[in-house]
Amino acid sequence: MKKLLLSMSLGFMVSCATQITDNQTPLSHGPILGGVDSDSIKVWGRTATPSNFYVRYGTEKNGLNFRSASVSTQLQNDNTGSVTLKDLAPGTQYYYAIYAKGKQVSPMGSFKTLHDTQKLKSELNPDGLFNFSFEFACGNNQNPNNGLGPSMPAYSTLNENFREGLDFALLNGDWIYEEDRDFTVEQWQEQVGTEETPKILQDTPHLTGVWQNYKTYMDRAPNLMDWHRNLPSYFTFDDHELLNDIIGTSTVGFQDRRAVFRDTGTQGWYDYLGWANPTETNQGIHFGRTNAKKGSKFLVDKSADFTKIDLDLATNLHIHWNTEDAGLIDSENGDKKGGDPNAKVYEIVRVVDKHTLEINPPLAASHESHYSIGRHNFGTFKVANCRFILLDTKSQRDAHDIKNPYKKGISMIGKKQRDWMMKLMAKKDAEFYFVVSSVNFMVPHVGGGGAVSFAAPTKDDAWTVFFDEREKLIDFWDKLGKKVFILSGDLHNSYSVKITDSVWEFASGPHNSVNHRPSDEGNRPVNGPFKYGPRECEIRWSTTAMDDIPRDARKFPYFCIIKVNNVFNNPKTLGGERSVAFPVPQVMFQFYDALTGELKYVESILAK
């Protein structure tokens with residue numbers, strides 16, 4: 001299987017190489033667009049071997065008269081890189097392509113910049129508002145046993161019928177599902193034509209499997225790549241970017257194979273997708289190795305300089321499982337045994353000196369161990385009168401107790417992230433708030449996969465085992481005096497849920513994954529009143545797959561188009577343009593059958 005995948009990947013590179021001269025490095029994957037604004041956008045690509053590329057762009061297909069700065073791709077990032085196109089005109093259609101050494105090495109793509117509120121201000125539109133639309137969903141499983149396979153028909157529907165009317169997309173987790181995670185460093189070296197092992201692969205060798213996972217998904221789905229080449233996206237990661245059902249990444253002393261794969265999976269996500277997002281910090285993940293001493297509360301790494309790491313911008317320290325199956329979806333030995341005896345979640349007590357950290361708990365064994373120090377991955381951006389908050393629901397998630405979902409003090413997102421979000425929203429600098437959570441808020445996720453290893457024979461990936469934190473957030477949001485929309489993913493169904501008059505949850509998907517059943521979701525109704533925990537909500541509409549439907553027939557993909565209506569056109573002359581602000585702006589949530597493109601449900605919500 002590995003030889004076949006390798007030949008497929010190399011074959012893709014050869015097909016690219018035929019378009020350029022022999023002394024130039026082909027672009028193996030990309031381009032992908034991200035991080036769009038009124039005057040800038042990011043463009044990503046991957047070269048087959050370390051090289052340089054740049055972007056040519058312009059407002060005419062035959063006039064790519066502008067050139068970006070060059071970016072160098074390096075082995076330590078699997079030869080990936082991104083450039084930012086700057087000083088763009090707002091509200092303008094552009095065409096672009098990636099170039100290397102004077103030759104075009106990618107297909108041509110296009111994008112549209114956002115409008116600039118400062119330039120749209122007028123007597124009838126004093127805040128310079130504009131209308132915009134974006135698509136959001138989750139669940140891109142390409143395994144035909146767990147969805148619709150690599151044909152990904154949702155993206156064909158989106159490309160053919162919806163893309164031109166959109167400003168950006170928001171992929172809310174599970175862009176990949178774990179495949180090719182056993183791709184070794186040696187196979188990667190053959191793939192990129194090197195005998196070198198970058199330090200990052202010495203410290204976390206299973207990263208090559210995560211990289212290969214992304215490449216496989218890109219190689220198999222040309223309609224997916226067509227989508228990303230022509231529409232900028234933002235991304236969250238959920239469990240499958242890391243490891244299925246990952247929990248407990250913040251619980252000190254928690255020993256679990258999935259939990260300590262967090263940073264390896266996150267690094268791969270940044271190399272392939274996370275570059276597109278705004279984040280509150282650019283401090284990266286630190287990887288290293290230590291000769292651990294049994295019983296010691298000190299971690300020593302002579303190659304590190306811990307004084308250069310700002311612990312306020314870091315999360316915690318993990319010692320890795322570091323077995324051959326560390327990054328696989330299932331482990332032959334299970335998730336509680338068979339790994340490095342030191343592998344668990346640690347608190348960083350303090351920096352002792354350049355090479356030494358005091359940690360808690362003490363080390364369990366004398367052993368050469370691989371470790372990492374995580375980073376914050378949350379961020380925010382604003383479009384017109386809407387603020388988007390991209391949460392990280394995995395990196396600082398406590399281990400929950402499914403028997404005690406009311407347990408106080410545990411958190412889905414960690415105190416630092418929660419305080420940051422609440423402080424940001426308390427400024428009330430937006431009319432609408434979109435809080436992007438990769439996991440569900442009001443509906444439990446108690447089935448559809450394996451049991452978590454630390455607790456009961458069932459799982460719950462949702463906020464429904466964090467009632468204390470969830471209820472505090474709902475109360476906070478409800479008192480803001482603004483409309484708050486939680487955009488959630490993870491569950492492979494779509495729904496609209498009214499929590500309070502001001503707080504709503506919208507789940508969208510799956511793009512391609514097999515649907516969940518009511519029994520996977522706490523036996524919720526398709527619509528009507530629903531109570532799971534202390535608060536009743538109203539499910540206005542949803543999709544589902546009844547329990548009597550065989551798994552291979554549970555394939556009902558959906559997506560949601562969200563339209564923000566701030567202005568209407570009211571020209572003095574027929575065919576003209578004059579934007580007039582609505583006294584009360586409106587957001588429309590439109591759910592579509594991804595196979596047919598048929599509109600199935602609309603929820604329209606006014607700002608007041």
Side-chain angles (χ1 to χ4, degrees), residues 133-166 168-177 179 216-231 233 235 238 240 438 440 443 445 448 487-497 506-518 520-521 524 526-527 539-563 588-603:
S133 302
F134 64 98
E135 185 263 356
F136 102 97
C138 68
N140 280 5
N141 200 331
Q142 291 187 19
N143 187 330
N145 296 321
N146 295 303
L148 289 150
S151 64
M152 305 194 80
Y155 283 97
S156 295
T157 301
L158 285 164
N159 283 323
E160 293 168 10
N161 302 313
F162 293 90
R163 192 180 72 203
E164 294 300 321
L166 297 172
F168 59 91
L170 202 162
L171 193 286
N172 197 12
D174 296 337
W175 195 93
I176 55 172
Y177 286 65
E179 294 189 53
T216 296
Y217 266 49
M218 291 181 181
D219 290 344
R220 293 193 308 207
N223 53 355
L224 172 67
M225 298 311 293
D226 186 32
W227 171 258
H228 286 307
R229 187 172 65 249
N230 293 286
L231 188 72
S233 290
F235 304 91
D238 197 47
H240 293 290
S438 73
N440 305 94
V443 175
H445 185 175
L487 305 185
S488 64
D490 195 36
L491 280 173
H492 300 170
N493 278 309
S494 296
Y495 55 72
S496 168
V497 176
F506 295 93
S508 176
H511 273 147
N512 207 60
S513 307
V514 67
N515 293 78
H516 283 129
R517 306 156 296 179
D520 299 328
E521 304 178 16
R524 65 167 178 85
V526 178
N527 67 356
I539 299 177
R540 310 269 287 191
W541 170 89
S542 72
T543 66
T544 194
M546 292 300 181
D547 285 296
D548 62 350
I549 301 176
R551 181 179 177 82
D552 62 2
R554 300 196 327 248
K555 299 178 180 179
F556 314 124
Y558 268 76
F559 57 81
C560 182
I561 303 293
I562 299 177
K563 293 189 174 183
M588 292 193 302
F589 298 82
Q590 302 174 129
F591 290 89
Y592 291 88
D593 182 315
L595 295 179
T596 66
E598 181 182 357
L599 179 64
K600 292 295 187 178
Y601 183 76
V602 177
E603 193 80 61

Has [X] got a side-chain atom pairing as donor or acceptor with [Y]'s backbone, closer than 3.5 angstrom?
X: Y217; Y: Q142; result: yes
X: N230; Y: R163; result: no
X: N172; Y: L487; result: yes
X: T544; Y: R517; result: no
X: N512; Y: G149; result: yes
X: S542; Y: V526; result: yes
X: S513; Y: H492; result: no
X: D593; Y: L595; result: yes
X: T157; Y: G597; result: no
X: S494; Y: T543; result: no

**OP:** Can you run down the side-chain hydrogen bond (donor to acceptor under 3.5 Å, both in side chains) pairs that involve residues 551-560, sequence neighbours left out, and say none if there aren't any?
**Re:** N146-R551
Contacts of [X] that satisfy salt bridge (charged side-chain N to carboxylate O under 4.0 Å, His left out) - sequence neighbours left out:
X: R229; answer: D226
X: D174; answer: none
X: E521; answer: R524

Please report the shortest heavy-atom distance between [X] and [Y], naming the atom on each side.
X: C560; Y: S508; result: N-OG, 3.1 Å
X: N223; Y: S151; result: ND2-O, 2.8 Å
X: A545; Y: N515; result: CB-CB, 3.8 Å
X: N493; Y: P510; result: N-CD, 4.0 Å

Could you grab the distance from atom [atom1] of [X] to atom [atom2] of [Y], nearest 0.5 Å is fine?
X: F591; Y: E598; atom1: CZ; atom2: CD; answer: 15.0 Å
X: L231; Y: L158; atom1: CG; atom2: CG; answer: 9.0 Å
X: S496; Y: F589; atom1: OG; atom2: CZ; answer: 8.0 Å
X: I176; Y: T216; atom1: CD1; atom2: OG1; answer: 9.5 Å

Original post:
Of all residues at least two apart in sequence or in a different chain, which pass the ring-ring contact (aromatic ring centres under 6.0 Å, His included) check with F162?
Top reply: F559, Y592
Original post:
In chain order, what residues pass the side-chain contact (heavy atoms from CB on, under 4.5 Å) check against S233, with sequence neighbours excluded?
Top reply: A169, W227, H228, F235
